[in-house]
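The structure appears right after this line, and notes come after that.
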2 protein chains.
Amino acid sequence: MKNNKDLPAEEHSGPLMADVARLAGVAISTVSRALANPGRVNEKTRAKIDAAAKQLGYTPNAMARGLRVGKSNVVMIILPGSLYYGVSQVIPLVLQGINRSLRQNGYHLMIANLDRDEASERHILDLAFGGTVRGAIILSSDLPVHGGRSLKDSALPIVSLLFDMSHAALPSVVTNDRQAVRDATTELIALGHRRFLYLAGPEGNYHDRERYLGAVEALAAAGLPETAIVRSGGSLDYQHGFQIGVDAAAEFADLILKPTVVIATSDDMAISFMSCVQRMGWKIPTDLSIVSFDGAPVCEYSLPPLSTIEQPVEEMGQMAVSLLMERIDAPDKATALRHVIESKLIRRESFGPAPSNV
Amino acid sequence: MKNNKDLPAEEHSGPLMADVARLAGVAISTVSRALANPGRVNEKTRAKIDAAAKQLGYTPNAMARGLRVGKSNVVMIILPGSLYYGVSQVIPLVLQGINRSLRQNGYHLMIANLDRDEASERHILDLAFGGTVRGAIILSSDLPVHGGRSLKDSALPIVSLLFDMSHAALPSVVTNDRQAVRDATTELIALGHRRFLYLAGPEGNYHDRERYLGAVEALAAAGLPETAIVRSGGSLDYQHGFQIGVDAAAEFADLILKPTVVIATSDDMAISFMSCVQRMGWKIPTDLSIVSFDGAPVCEYSLPPLSTIEQPVEEMGQMAVSLLMERIDAPDKATALRHVIESKLIRRESFGPAPSNV
DNA sequence: AGTGGTTTAGCAAACGTTTGCCAAAAAGCA
DNA sequence: TGCTTTTTGGCAAACGTTTGCTAAACCACT
């Protein structure tokens with residue numbers, strides 16, 4: 001008849017630790033110790049407890065444990081809304097890699113979408129300050145802020161992925177984009193190329209700066225002026241990756257002195273750019289070489305196959321997780337902040353010598 | 001000196017509800033009521049409490065609340081490991097859409113990767129039985145099982161996305177694939193096509209059955225024999241989407257009677273197939289028409305642009321969330337199980353009349 | 001058998017909320 | 001003012017664990 005004085009949670013029907021204890025004929029505390037810390041308890045007792053637990057299908061309540069021990073076992077990943085489209089080609093791989101690594105460490109993965117609006121920022125901060133998450137991996141160059149609270153103020157361990165945030169004291173996992181684009185550019189110069197078109201994503205963004213700089217450095221090293229490179233795009237968001245390529249193609253068509261190389265900062269823009277200029281009649285790589293960023297699998301099957309600078313996202317994800325684990329276990333230990341992972345150029349047919357008639 | 005008799009959780013440093021109560025000069029319970037149920041408390045008191053909470057930067061502890069009320073505010077999405085690659089083109093959109101809808105309902109999103117191994121199944125079941133999640137959205141045709149426990153046995157509200165699981169009493173959100181492919185096939189027949197090549201994903205899979213059936217139905221309606229369609233692929237996983245296309249291209253090259261249409265069950269396979277056969281010298285759509293599934297944005301920029309049957313994933317995600325919310329609010333209310341969303345064919349250049357020399 | 005030392009078990013408090021119940025205060029009315 | 005009705009506030013228990021402390025049991029040894 002359920003006329004208890006107060007009757008909450010008629011919801012959770014599963015067996016409790018107390019049930020296991022009763023069935024095994026021991027105290028609750030013994031069950032707790034047996035399950036968490038097997039060494040502390042007699043082997044025979046432990047076996048009895050395990051059997052009872054299995055028989056009842058017992059699963060410990062994570063919230064009760066979390067409350068008691070003052071820590072949760074979930075980590076959140078903060079994805080900027082716009083990245084979804086741009087690097088979308090690789091996001092699933094990132095998530096998968098991170099989720100696997102976390103699981104091996106006993107953690108769960110929660111997703112947080114960082115749109116630039118009130119609701120989503122509040123959402124994220126509630127997660128952080130409400131004790132729901134134990135750490136965060138962020139794929140964005142700015143931290144959420146709302147109503148006087150900022151993610152920075154939380155004691156939450158945070159690791160930055162893809163963006164160098166070491167200036168904000170965040171351990172960061174990045175690729176050596178600059179080096180990679182410098183090498184690629186140098187190689188292209190050696191192939192006779194002298195005029196470059198650079199397709200930018202969001203202007204001033206960490207990746208934009210690094211990658212552009214890499215190209216400029218290579219030019220300088222070869223004694224070429226910075227004017228050898230023309231920038232396109234930059235005002236739009238990565239969200240419109242394909243659109244950037246389309247616009248750039250129109251721009252390309254209008255240029256008097258045609259560049260012979262296009263360096264695109266995402267595969268999406270390279271793909272749409274290539275599609276457009278080919279329709280206009282240019283041949284790749286005969287008239288124009290193209291190299292882009294991210295290493296999306298689809299690049300292998302474009303016509304011609306697209307050279308791309310691979311972002312080793314799985315490795316990066318693993319690294320981010322292991323940094324986060326360190327940070328959780330020893331928050332005060334000073335460690336290196338900037339962790340660089342080698343990104344390598346995958347050479348495919350979109351990449352060739354400069355046209356001879358130039 | 002912290003020599004309390006027992007000192008757990010020296011971790012959580014944030015302000016407590018008690019601190020807010022003290023600052024506002026009221027009882028804890030009043031604070032709780034003011035925050036959760038604004039009607040129950042004097043407007044003036046409430047203002048005082050809100051001010052105090054803001055001043056302290058108070059955020060309620062989600063685990064404590066969850067424990068007390070016996071429900072959490074997180075939903076998990078179960079993604080099969082292999083889907084990641086195949087439908088990877090659209091997965092980020094699915095996640096984004098679902099996450100947004102959930103946020104509007106006050107829920108958070110947790111990711112669970114359903115690899116077919118012990119660890120991941122256990123992980124998911126722990127989430128379900130441990131009270132961590134309040135509901136689940138699953139993108140897989142089989143439910144996780146581990147150590148005698150099955151997701152089915154949990155009282156957890158579950159909604160199936162992409163797969164029709166209504167036979168297992170799960171509300172399911174699917175597209176009318178069969179209809180869409182039937183219509184497309186009919187249209188192709190009207191364009192003079194008589195021989196079809198069908199690129200299958202995992203054989204016997206719900207989508208495979210539906211889509212193949214759609215094509216067969218169209219043939220039958222036009223009085224063509226089932227032998228007008230040749231199957232390829234089917235043994236590999238979606239994970240190898242691109243590889244399926246490559247293999248199918250080789251198979252295509254060996255066929256005596258060349259099909260004039262390829263129906264691919266994912267954009268990935270269509271892209272790699274098209275790339276390969278074009279290199280072998282076939283012209284699209286002159287020699288061969290191609291239509292595929294999923295509606296990945298990249299299809300617009302292949303050469304030629306690829307016709308694809310769009311999966312309206314954002315809409316599907318929203319629908320799944322709203323079904324889940326219903327299920328959570330009224331678990332026993334009987335509702336329609338199968339919810340079909342219209343998927344439409346995007347006609348692009350890969351789609352043309354049959355070659356006249358056939 | 002008695003003693004000292006080492007395991008193992010059990011009690012009870014604590015984690016930070018929510019909420020039923022009752023008391024107190026405020027408001028309405030005569 | 002004195003009474004009833006309505007609103008608001010406070011106490012304390014409960015959610016399901018973990019864990020410090022203490023008591024009990026066990027073991028080996030003299």
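Per chain, numbering begins at 1; letters A, B, ... match sequence-line order.
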| message | How close do A:Ile49 and A:Ala34 get, counting heavy atoms only, and between which atoms? | response |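 Here A:Ile49 and A:Ala34 meet closest at CD1-CB, 3.7 Å.
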Kindly say if [X] contacts the phosphate of [N], meaning a side-chain N or O under 4.0 Å from OP1 or OP2.
X       : N      : answer
A:Arg65 : D:dT18 : yes
B:Tyr58 : C:dT17 : yes
A:Ser29 : C:dA9  : no
A:Thr45 : C:dA9  : yes

To the nearest angstrom, how far is [X] atom [atom1] from [N] atom [atom2]?
X       : N      : atom1 : atom2 : value
A:Lys71 : D:dT19 : NZ    : P     : 9 Å
B:Arg68 : D:dG16 : CZ    : P     : 10 Å
A:Lys48 : C:dA9  : NZ    : P     : 8 Å
A:Asn61 : C:dC15 : CG    : C1'   : 13 Å
B:Lys44 : C:dA26 : NZ    : P     : 10 Å
B:Arg46 : D:dT8  : CZ    : C1'   : 15 Å
B:Leu16 : C:dT17 : CG    : C1'   : 9 Å
A:Arg33 : C:dT7  : CZ    : C1'   : 12 Å

| request: Give the angle between the helix axes at the two ends of the helix from C:dA1-D:dT30 to C:dA30-D:dT1, taking five base pairs at each end and rounding to 10°. | output: 40°
| Evaluation steps, side chain to side chain contact (heavy atoms under 4.5 Å, CB included), between A:Val74 and A:Arg134 | CA-CA 6 Å; A:Val74 356; A:Arg134 191 72 206 295; over 6 Å; no
| request: Would you indicate whether the side-chain heavy atoms of A:Phe129 and A:Leu156 approach each other to under 4.5 Å? | output: no
| said: Assess the residue pair A:Val321 and A:Arg100 against the criterion (side chain to side chain contact (heavy atoms under 4.5 Å, CB included)); give the C-alpha distance rounded to whole Å, side-chain angles, the decisive distance to 0.1 Å, and a yes or no. | reply: CA-CA 10 Å; A:Val321 170; A:Arg100 291 238 167 85; over 6 Å; no
| field | Residues A:Asp126, A:Arg149: salt bridge by 4.0 Å N-O rule | value | yes
| said: Checking side-chain polar atoms at under 3.5 Å, does A:His123 have a donor or acceptor matched by the opposite partner on A:His146? | reply: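 A:His123 vs A:His146: no donor-acceptor pair found between side chains.
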| message | Under a 3.5 Å distance rule, please check whether A:Ser172 uses its side chain to pair with a backbone N or O of A:Leu170 as donor and acceptor. | response |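 Judged by distance alone, yes, a pair lies under 3.5 Å.
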| query | What nucleotide, of C:dT18, C:dA13, D:dC15, holds the atom closest to the side chain of B:Ser32? | reply |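 From the listed options, C:dT18 comes nearest.
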| request: Look at the side chain of A:Leu67 and decide which nucleotide, out of D:dT19, D:dG16, D:dT17, has an atom nearest to it. | output: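 Nearest to the side-chain atoms of A:Leu67, counting from C-beta on, is D:dG16.
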| task | Specify the residue among B:Ala64 and B:Thr30 whose closest nucleotide of DNA chain D lies further upstream toward the 5′ end. | result |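 First, find each residue's nearest nucleotide; the 5'-ward one identifies B:Thr30.
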